[in-house]
Amino acid sequence: MATTEQPPAGRLRAWMLEGLSDMGKPGGHTGPHAEPEPAHRGQRWWRVMCLTGVDYFSTLGYQPGIAALAAGLLSPIATIVLVIVTLAGALPVYRRVAEESPRGEGSIAMLERLLSFWQGKLFVLTLLGFAATDFLITITLSAADASTHLVENPHLNSALHDQQMLITLVLVALLGAVFLKGFLEAVGVAVVLVGIYLALNVVVVIVGFWHIITAGHVVTDWSSALTAEHGNIFVMIGVALVVFPKLALGLSGFETGVAVMPHVQGDPEDTEERPAGRIRDTKKLLTTAALIMSGFLIATSFITTLLIPEKDFESGGPANGRALAYLAHNYLGGVFGTVYDVSTIAILWFAGASAMAGLLNLMPRYLPRYGMAPHWARAVRPMVIVFILIAFLVTWIFDADVDAQGGAYATGVLVLISSAAIAVTIAAHKAGQRGWTIGFAVIAAVFLYTTVVNVIERPDGVKIGACFIAAIILVSLLSRLARAFELRVTSVTLDPMAERFIRDMASRKIRLIANEPDSRDKAEYRDKIEQIREDNDIPGEDFVFVEVTVLDPSEFEAGLTVRGEVLHKRYRVLTLESSSIPNALAALLLHIRDTTGCTPHIYFEWTEGNPFHNFLRFFLFGQGEVAPVTREVLREAEPDRARRPRVHTG
């Protein structure tokens, strides 16, 4: 029975973890589009812009309606404020991010370099929580808006009126199924989708302006109502500034623009160290996308505000979440309106695919490297299942409502943009660029203000963001704890002197003494040898000392460099630098065994103090219960007891 059932389980496991052995290695694949093509085989920047555009431009599907709900008659003016912030704030920030992280690492990597130890890891985990909020809400909000366009289509409304939740879940599940099958981002598909969608929107905008021009009273009615409600232009601008944070969805897309940067072709002479052409063309990508989106945002907010009754924007209204589709059906007929709906549904669904790809690239870039994710988190398919289940939960919590998810989405977007603004401010300051430092600091202050206001007015975003952060930190710490005894040294390199010590001992018995360096005087080494001889009842002085210095205990994986030196003309010492003493010692012992064919012996003294307290010291600071943990790491790394290096403790 067992033999007949095992192979299918093995096949399923192999399918789920396909490609896992290549992930996490330098240059290894860590997601569906994380392994970029070489610079000379990349894509032209305008084609890659369309890949960004499926996320960025698709917000036109719901942004005008959200702006109308937030600002009412002031929607066009508030949108102009949004455009100014986009072009004068977000765009310069992300152009600088492109310079600082040309391999698509983004602002999180820039900030990661500023902090070390556990505070740096916790800070990155917090930002990852907000990034997860951004990308996951992109998936659920886009699917919800796609289902809105489907349900509100006049030809389907009667049949699908009460099925929005089910349709949204089906769209999310379909997205997951595509990734489980094996998703390779097709830039060509993005180009077609974006081209058709923007062309249809141009038609809707032109027709909308034609109706406004031919019906002159529309503009006068709007301006009269605006003046009656707000008084003068200064009050209008003030109110627009106040409601601006609610329109922050229109700022999405910049983080994705940097994430797809490795796909930009650049110049033939580009190098990985300085891809000047890729940086230049990515700036073109970001600028062009921002200009196109800004033009559409202003035009669409103007025509939707003037041509759609205010009550139709409200929840349950025919224009809620689909203002431009409402105009397409009303002014261009059912056939064009249905084509527009299909185009919108397609680009919104593909925006979810882009967000999923972003998640699958972002999480494996950090969590496995921190030891804060299970080993299988490097594989695509298990993570797809995790993210889709979370997306189901989010959809159910928000009842597939576009407006309800706007606050969470805006919070994720604003936190990422604020972190990017802070990162480039620090980068400019370090570069001694006083003017840019002041400019970026002002932009950072604007985005921080916008983020705070958005959080106060719509706390849903920070609540769900906090849930993601708490979940990521909890799972990360549990994973780090579960992987505490894993051998996590990626490579061992010995200098010539260290190799000489090992080669000399290999002709006899290899005996190492683990020593915590103190004064490193002659008496320290003499006394240590005497203690080891007495505790273990062994003669002679044919020992080599091993001393490990802990650098950053929060790091999980790293290479190991071993240096040899002779102290006091007598004592041979191997010095190592690592994030964990037991892991470094275990890796060295295994390396010595593999290179010499001899079984090395290492001698310890027991660590004084409470074992639980010492284990916490090991977990957090890389030192503590050195002897038993070294032995446990060796046991997990080498199951064959006969081949396992010997650990002695006295």
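For the single chain, residues carry numbers from 1 onward in sequence order. Nothing here was measured: the structure is a model prediction, and the numbers come from that model.
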Chemist: Quick one: does Y56's side chain get under 4.5 Å of F254's, heavy atoms only?
Modeler: yes
Chemist: To check you understand the geometry: which heavy-atom pair defines the closest contact between Y340 and L200, and what is its length?
Modeler: CD1-CB, 3.8 Å
Chemist: Would you say the side-chain atoms of S224 pair up with the backbone N or O of D221, donor to acceptor, closer than 3.5 Å?
Modeler: no
Chemist: Taking NZ, NE, NH1 and NH2 as the nitrogens, is one of them in R96 or E100 under 4.0 Å from a carboxylate oxygen of the other?
Modeler: yes
Chemist: So, for L87 and A290, which heavy atoms are closest and what is the spacing to 0.1 Å?
Modeler: CD2-CB, 3.9 Å
Chemist: Rounded to the nearest 0.5 Å, what separates atom OG1 in T59 from atom CG in D145?
Modeler: 10.0 Å
Chemist: Under 4.5 Å between any side-chain heavy atoms of W45 and T282, yes or no?
Modeler: no
Chemist: Let me see the working for K283 and E99 under side-chain contact (heavy atoms from CB on, under 4.5 Å), right down to the final yes or no.
Modeler: CA-CA 9 Å; K283 290 181 177 180; E99 285 184 20; 2.4 Å; yes
Chemist: Please report the C-alpha distance between V48 and Q265 in whole Å, then the side-chain angles of each, then the deciding distance to 0.1 Å, and finally whether the side-chain contact (heavy atoms from CB on, under 4.5 Å) criterion is met.
Modeler: CA-CA 9 Å; V48 181; Q265 186 176 37; over 6 Å; no
Chemist: What is the distance from atom CG of L136 to atom OG1 of T395, rounded to the nearest 0.5 Å?
Modeler: 9.5 Å
Chemist: Can a donor-acceptor pair be found, under 3.5 Å and without considering hydrogens, that links the side chain of S75 to the backbone of G72?
Modeler: no
Chemist: Do L448 and I422 pass the side-chain contact (heavy atoms from CB on, under 4.5 Å) test, and can you show the C-alpha distance, the side-chain angles, and the key distance before you say yes or no?
Modeler: CA-CA 9 Å; L448 286 171; I422 293 170; 4.3 Å; yes
Chemist: Less than 4.5 Å apart, side chain to side chain, heavy atoms only: is that true for R381 and I385?
Modeler: no
Chemist: For the side chain of D312 and the backbone of I308, is there at least one donor-acceptor N/O pair under 3.5 Å apart?
Modeler: no
Chemist: CD of Q163 to OG1 of T168: how many Å apart, nearest 0.5 Å?
Modeler: 11.0 Å
Chemist: For the aromatic rings, using the six-membered ring if either is Trp, is the centroid distance between F135 and F387 under 6.0 Å?
Modeler: no
Chemist: I need the I469 CD1 to L127 CG distance, nearest 0.5 Å.
Modeler: 8.0 Å
Chemist: Any side-chain heavy atom of N201 within less than 4.5 Å of one from L324?
Modeler: yes
Chemist: If we ignore hydrogens and angles and just use 3.5 Å, is the side chain of S343 paired with the main-chain N or O of V339 as donor and acceptor?
Modeler: no
Chemist: Side chains of V194 and M49, heavy atoms from C-beta outward: is any pair under 4.5 Å?
Modeler: no
Chemist: Where do V424 and R95 land on the side-chain contact (heavy atoms from CB on, under 4.5 Å) test, with the steps shown first?
Modeler: CA-CA 10 Å; V424 298; R95 283 171 63 92; over 6 Å; no
Chemist: Would you please classify the geometry between the F302 ring and the W222 ring as parallel, tilted or perpendicular, with 30° and 60° separating the classes?
Modeler: perpendicular
Chemist: Does the side chain of T451 come under 3.5 Å of the side chain of S418 through a donor N or O and an acceptor N or O?
Modeler: yes
Chemist: Could you report the tightest heavy-atom contact between P76 and T305, atom names first, then the distance?
Modeler: CD-OG1, 3.7 Å
Chemist: Quick one: do D267 and R278 make a salt bridge, cutoff under 4.0 Å?
Modeler: no
Chemist: To the nearest 0.5 Å, what is the distance between OG1 (T52) and CG (L286)?
Modeler: 7.5 Å
Chemist: State, with a plain yes or no, whether a side-chain heavy atom of L226 is found less than 4.5 Å away from one of I77.
Modeler: yes
Chemist: Report yes or no: does Q164 contribute a side-chain atom to a donor-acceptor pair with the main-chain N or O of A400 at less than 3.5 Å?
Modeler: yes
Chemist: Ignoring hydrogens, what is the shortest heavy-atom contact between T304 and S301? Give both atom names and the distance.
Modeler: OG1-O, 3.3 Å
Chemist: So, the side chain of S223 versus the backbone of T220: is there a donor-acceptor pair under 3.5 Å, distance only?
Modeler: yes
Chemist: Where do A323 and G65 come nearest, in terms of heavy atoms and distance?
Modeler: CB-N, 4.1 Å
Chemist: With a 4.5 Å heavy-atom cut-off, do M165 and D399 have their side chains touching?
Modeler: yes
Chemist: Less than 4.5 Å apart, any side-chain heavy atom of I139 and any of I388?
Modeler: no
Chemist: Out of curiosity, T344 OG1 to R322 CZ, how far, rounded to the nearest 0.5 Å?
Modeler: 9.0 Å
Chemist: Any donor-acceptor pair under 3.5 Å linking the side chain of T214 with the backbone of H211?
Modeler: yes
Chemist: Does the T288 side chain pair with the main chain of L285, one donor and one acceptor, at a distance under 3.5 Å?
Modeler: no
Chemist: Looking at every non-hydrogen atom in both residues, tell me the closest pair between T411 and F130 and how far apart they are.
Modeler: CG2-CE2, 3.9 Å
Chemist: Compute whether any side-chain donor of one residue and acceptor of the other, for Y326 and N320, lie under 3.5 angstrom apart.
Modeler: no
